[in-house]
Amino acid sequence: PLGFRTARFARQDQVVEAGKTLSMDIRLLLGNLGVVGDDAAFVAIRNRNAGVKGRLPRTAGGRPDLSGMWSANVDPKPEPAALLPWAQAVVKERQANLFRDIPSSGCLPDDPTMATPLPYKIIQTPTLLVFLSEGEPHYRQVFLDGRDHPKDPDPTWMGHSVGRWDGDTLVVDSVGFNDKSWVTMNGLPHTDQMHVIERFRRADLARMTHDITIVDPGTFTKPVEWHAVWELAPREEIMESICTENNHYRENISDK
């Protein structure tokens, strides 16, 4: 089965003296999701924002207010993606070369489904919902003004997203993706047929569920479903991240 796996390391602050060599042992740790891969920085963020409590906030119009800084999570027990043979071969190749060509290594967007554990800031208005992030392209917008998808959308990295309210749940429908991004950091490919449906429901002040359904008959033999709980992180803020500044990822990974 294809689960969520990325490397997480623990380190201690060390002082490197001029002219001397410092050796440091690095050990893999188990993340708070029960898998190796829950980055230490995100664990620290969750711990720093633990204990946030309160009622579900609402807008002046009575809708749930999803605004705020959020620490996204992955599905702790993800459904394995049922892949067509070509997609299975692509995943094996990407795993074999240590994900050298992940789009973010070249400062391009990664996962448009937001199924990865990253921080997001949500800005909500009556007609538009905006996600801000530190990864390219640094934003995603969801139109809430009742518009439909373009009849012939120009394929893009993040696709075209429209949202509607189903009671207190925001249903986000996204199409119009190109086939260049990866679904999750495990390297799942997809085609331009990919259709993503997300359901955001803020349970209270501190928690929001994020349910994802991915349909792509060109890649998956059946829809993929993932379920995660995001946590409010009011003590955090989006930081400036300029990927092209001193980016040595590909040259370093090639040495492995």
Side-chain angles (χ1 to χ4, degrees), residues 1-7 33 35-37 72-118 120 131 133 135-137 139-143 148-163 170-200 209-228 230 249-250 253:
L2 295 171
F4 294 83
R5 297 292 187 274
T6 55
L33 297 177
V35 297
V36 174
N73 286 316
V74 299
D75 189 331
K77 297 180 179 179
E79 173 188 354
L83 299 170
L84 292 172
W86 77 267
Q88 293 177 355
V90 167
V91 171
K92 289 181 179 179
E93 180 182 2
R94 290 173 176 175
Q95 291 175 339
N97 66 22
L98 302 178
F99 306 108
R100 177 183 182 276
D101 297 318
I102 187 170
S104 60
S105 69
C107 300
L108 296 171
D110 277 332
D111 181 10
T113 69
M114 301 197 306
T116 48
L118 298 173
Y120 294 98
F131 294 88
S133 68
E136 298 291 345
Y139 79 95
R140 176 189 174 197
Q141 57 183 353
V142 179
F143 298 103
D148 294 326
H149 294 302
K151 293 183 179 180
D152 187 18
D154 181 21
T156 59
W157 287 86
M158 303 305 292
H160 184 271
S161 299
V162 296
L170 179 64
V171 182
V172 178
D173 189 286
S174 302
V175 298
F177 298 97
N178 62 33
D179 61 358
K180 301 176 182 179
S181 61
W182 293 15
V183 178
T184 79
M185 289 182 285
N186 278 334
L188 298 183
H190 66 87
T191 71
D192 58 8
Q193 302 177 64
M194 184 169 73
H195 180 189
V196 180
I197 301 172
E198 300 164 274
R199 299 178 69 88
F200 293 90
T209 57
H210 181 212
D211 300 317
I212 306 172
T213 300
I214 304 173
V215 178
D216 183 355
T219 305
F220 309 113
T221 60
K222 65 176 183 178
V224 177
E225 293 188 6
W226 290 317
H227 309 278
W230 290 18
Y249 177 86
R250 285 183 175 171
I253 199 69

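Numbers for residues simply follow the sequence, beginning at 1. The structure displayed is predicted, hence computed values, not measured ones.
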Give a yes-or-no answer on whether the side chains of His190 and Ser181 include a donor-acceptor pair shorter than 3.5 Å. yes

Does Met158 form a side-chain contact (heavy atoms from CB on, under 4.5 Å) with Phe131? I'd like the steps, not just the answer. CA-CA 11 Å; Met158 303 305 292; Phe131 294 88; over 6 Å; no

Straight-line distance of Thr156 OG1 to Asp192 CG, nearest 0.5 Å: 11.5 Å

Does Pro189 reach the side chain of Val91, with side-chain heavy atoms less than 4.5 Å apart? yes

Just by distance, do the side chain of Asp179 and the backbone of Thr191 share a donor-acceptor pair under 3.5 Å? no

Taking the side chain from Trp86 and the backbone from Gly218, do they hold a donor-acceptor pair closer than 3.5 Å? yes

Would you mind reporting whether Trp226 and Val74 have side-chain heavy atoms less than 4.5 Å apart? no

Working for side-chain contact (heavy atoms from CB on, under 4.5 Å), residues Val162 and His149: CA-CA 7 Å; Val162 296; His149 294 302; 3.6 Å; yes

4.5 Å side-chain heavy-atom contact, Pro217 and Gln193: yes

To the nearest 0.5 Å, what is the distance between CG on Leu108 and CD1 on Ile102? 11.0 Å

A side-chain contact here means heavy atoms from C-beta on lying under 4.5 Å apart; do His195 and Thr213 qualify? no

Contact between Arg140 and Ser174 at the side-chain level, heavy atoms closer than 4.5 Å - yes or no? yes

Any donor-acceptor N/O pair, Glu79 side chain to Glu225 backbone, under 3.5 Å: yes

Taking every non-hydrogen atom, the tightest pair across Phe177 and Pro155: O-CB, 3.8 Å

Restricting to non-hydrogen atoms, name the atom on Ile212 and the atom on Ala115 that form the minimum distance, rounded to 0.1 Å. CD1-CB, 3.8 Å

Kindly write out the residues that satisfy salt bridge (charged side-chain N to carboxylate O under 4.0 Å, His left out) with Glu136, not counting sequence neighbours, or none if the list is empty. none

Non-hydrogen side-chain atoms of Ile214 and Met194 separated by less than 4.5 Å: yes

State whether a side-chain donor-acceptor pair under 3.5 Å links His227 with Asp75. no

By side-chain contact (heavy atoms from CB on, under 4.5 Å), Gln88 pairs with (sequence neighbours left out) Leu83

Could you give me the CA-CA distance, side-chain angles and deciding distance for Trp157 and Asn178, then say whether side-chain contact (heavy atoms from CB on, under 4.5 Å) is met? CA-CA 6 Å; Trp157 287 86; Asn178 62 33; 3.5 Å; yes

Phe200 and His210 aromatic ring geometry - parallel, tilted or perpendicular at 30°/60° bounds: parallel

Inspect the surroundings of CD in Glu93 and state if more than 12 heavy atoms from other residues, nucleotides or ligands are less than 6.0 Å away. no

Out of curiosity, Met114 CE to Thr184 OG1, how far, rounded to the nearest 0.5 Å? 14.5 Å

